[in-house]
Amino acid sequence: MAESGKSLDEELIVQLRAGNISAMKDIYHRHYGMVNKLVTTSGGAEEDADQIFEESMYVLYSAIRHPEYRSNAKLKIVLYSIARSLWISEQRRRGKSPKRVKNYERYVKVDISSHIDLLKAKGDGFDKIQRSFRILGEACQDVLSEFYFHRKPVDQIAAETSKTVDDVRTQKYRCMQHLKRMIG
Amino acid sequence: MIRIDDIELIDRFIHEELSPLEKKNFEQRVRDDREFSKEVRKHIEAIRTVRSYSSIRFMETLEQQMPDWKSGGYKSYSPSIDTTKIMLRIFIPALILGISYGIFKIVQPSEHQPPAKHEQTVQPTEDTNSTEPAITPGDSSVGKDSTQ
């Protein structure tokens, strides 16, 4: 039973790394109830549960994209730990005591620093960033996002976009130089 | 202008793909070559911009997908930490301790039995201080509700 659980987790992680959105849907189907219970029984509303789940998915995605990502814990435990940390920090932000969080699962130490980056990105500078990116054009946005955010290797991007590896390398280089000139 | 090879070297550094020797050489070059160092800083700043933009886009995609996922429903949740497990974890060691203590108490008197002449017997005595009223046959208050 544990073995099949483990292999399913590994499969989901492989799919997530490949940027497969259906893997996220599968994780939602399996584990949203857990996050919902954690939040709604600790003073949160349904909307809070949705927000915490979305942000947990972002932190999980950021973590597993890292080549060094290794976790012996099950995906469920990792997701629970992330959601728990985010919900505690959200409660602190709202000035509530995090002691109210009830534990339904074992939890492990997780790094949620990518969430802080997300909050910063949502801050004041985002309008400027958006403007710079719109000028770059969609092709540049895609190649830079795929390489630097989704951490896809150049050959994978080439295969997915039906281009040669050299074309993608050159395009990435030109787009990056263009962006640097804009943000100056 | 920075060369494409140098850009790829910086990318490999940022993605932590350099070997220890390559990383050492890279860091040395950043210290020695001012132009390269400037390019590295600009490149890191640009990557930060790409990641910020992409993370917001990622969250927007999730928000758009959520209603669709919700319509598909989700599994009802049953916590892994259940009270039966917790109670068993408390009960089993307590039971083992209890049995060990019982065995110890059974074994102990046979080893350290005091001599017979010191043995004292406790005679049942009448408790004269008892406040409990004695129940005698035919007591009409027994079994009756006091409020009646």
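Labels below follow one simple rule: chain letters A, B, ... track the order of the sequence lines, proteins then strands, and each chain is numbered from 1.
Both the backbone and the side chain of B/Thr49 come within less than 4.5 Å of a heavy atom of chain A. For a residue to count as touching a neighbouring chain, one of its non-hydrogen atoms must lie under 4.5 Å from one of that chain's; by this rule B/Asp5 touches chain A with the side chain only. Neither the backbone nor the side chain of B/Glu17 comes within contact range of chain A, judged by heavy atoms closer than 4.5 Å. With a 4.5 angstrom heavy-atom cutoff, B/Arg48 does not touch chain A via any of its atoms. With a 4.5 angstrom heavy-atom cutoff, A/Tyr148 touches chain B via backbone and side-chain atoms both. Only the side chain of A/Gln141 comes within contact range of chain B, with heavy atoms under 4.5 Å apart. Residue contact with chain A, scored on non-hydrogen atoms closer than 4.5 Å, involves the backbone and the side chain of B/Ile47 alike. For A/Lys25, the parts lying near chain B are the backbone and the side chain together; criterion is any non-hydrogen pair under 4.5 Å. Interface residue A/Asn36: only side-chain heavy atoms are found under 4.5 Å from chain B. Contacts of A/Arg174 with chain B are absent, with no heavy-atom separation under 4.5 Å from either backbone or side chain. Proximity to chain B (any heavy atom under 4.5 Å) is shown, for A/Leu144, by both the backbone and the side chain.
Between A/Phe53 atom CZ and B/Met66 atom CE the span is 6.5 Å, to the nearest 0.5 Å. Atom CH2 of B/Trp69 is separated from atom CD of A/Glu54 by 8.0 Å, given to the nearest 0.5 angstrom. In this structure, NZ in B/Lys70 is found 6.0 Å from CD in A/Glu46, a value given to the nearest 0.5 Å. Of the inter-residue distances, the one linking A/Leu179 atom CG with B/Tyr53 atom OH reads 11.5 Å to the nearest 0.5 angstrom. Summarising the geometry, atom CE belonging to A/Met176 is positioned 7.0 Å from atom CD1 belonging to B/Ile7; distances are rounded to the nearest 0.5 Å. Atom NZ of A/Lys180 and atom CD of B/Glu45 lie 11.5 Å apart (nearest 0.5 Å).
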Apply side-chain contact (heavy atoms from CB on, under 4.5 Å) to B/Met59 and A/Glu55, showing your working.
CA-CA 8 Å; B/Met59 288 303 290; A/Glu55 291 178 0; 3.8 Å; yes
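Relative orientation of the B/Phe58 and A/Tyr61 rings is parallel, given thresholds of 30° and 60° on the angle between their planes.
Here the shortest heavy-atom pairing between B/Arg51 and A/Phe149 reads O-CD1, 4.0 Å. For the residue pair B/Ile4 and A/Arg169, the shortest heavy atom distance occurs at CD1-O, 3.7 Å. When every heavy atom of A/Tyr58 is checked against every heavy atom of B/Ser55, the shortest pair comes out as OH-CB, 3.1 Å.
Placement of B/Ile92 and B/Tyr101 in two distinct hydrophobic clusters is found when ILVMFWY residues are connected by side-chain heavy-atom separations under 4.5 Å, directly or transitively. In the hydrophobic clustering of this structure, B/Phe91 groups with B/Ile99; members are Ile, Leu, Val, Met, Phe, Trp, Tyr whose side-chain heavy atoms approach within less than 4.5 Å, directly or through other members. By the criterion of side-chain heavy atoms lying less than 4.5 angstrom apart, applied directly or through intervening Ile, Leu, Val, Met, Phe, Trp or Tyr residues, A/Val14 is not grouped with A/Leu75; the two fall into different hydrophobic clusters.
Contact tally against chain B (heavy-atom pairs below 4.5 Å) for A/Lys172, A/Arg151, A/Arg30, A/Met182: the top residue is A/Arg151.
Looking at residues two or more places apart in sequence or on another chain, you find a ring-ring contact (aromatic ring centres under 6.0 Å, His included) between B/His15 and A/Phe147.
A distance-only check finds a donor-acceptor pair linking the side chain of A/His29 to the backbone of B/Gly73 [under 3.5 Å].
Heavy atoms of other residues, nucleotides or ligands lying less than 6.0 angstrom from CD of A/Glu138 number 12 at most. By the 6.0 Å contact criterion, CZ on B/Arg34 is open, its count of non-hydrogen atoms from other residues, nucleotides or ligands being 12 or less.
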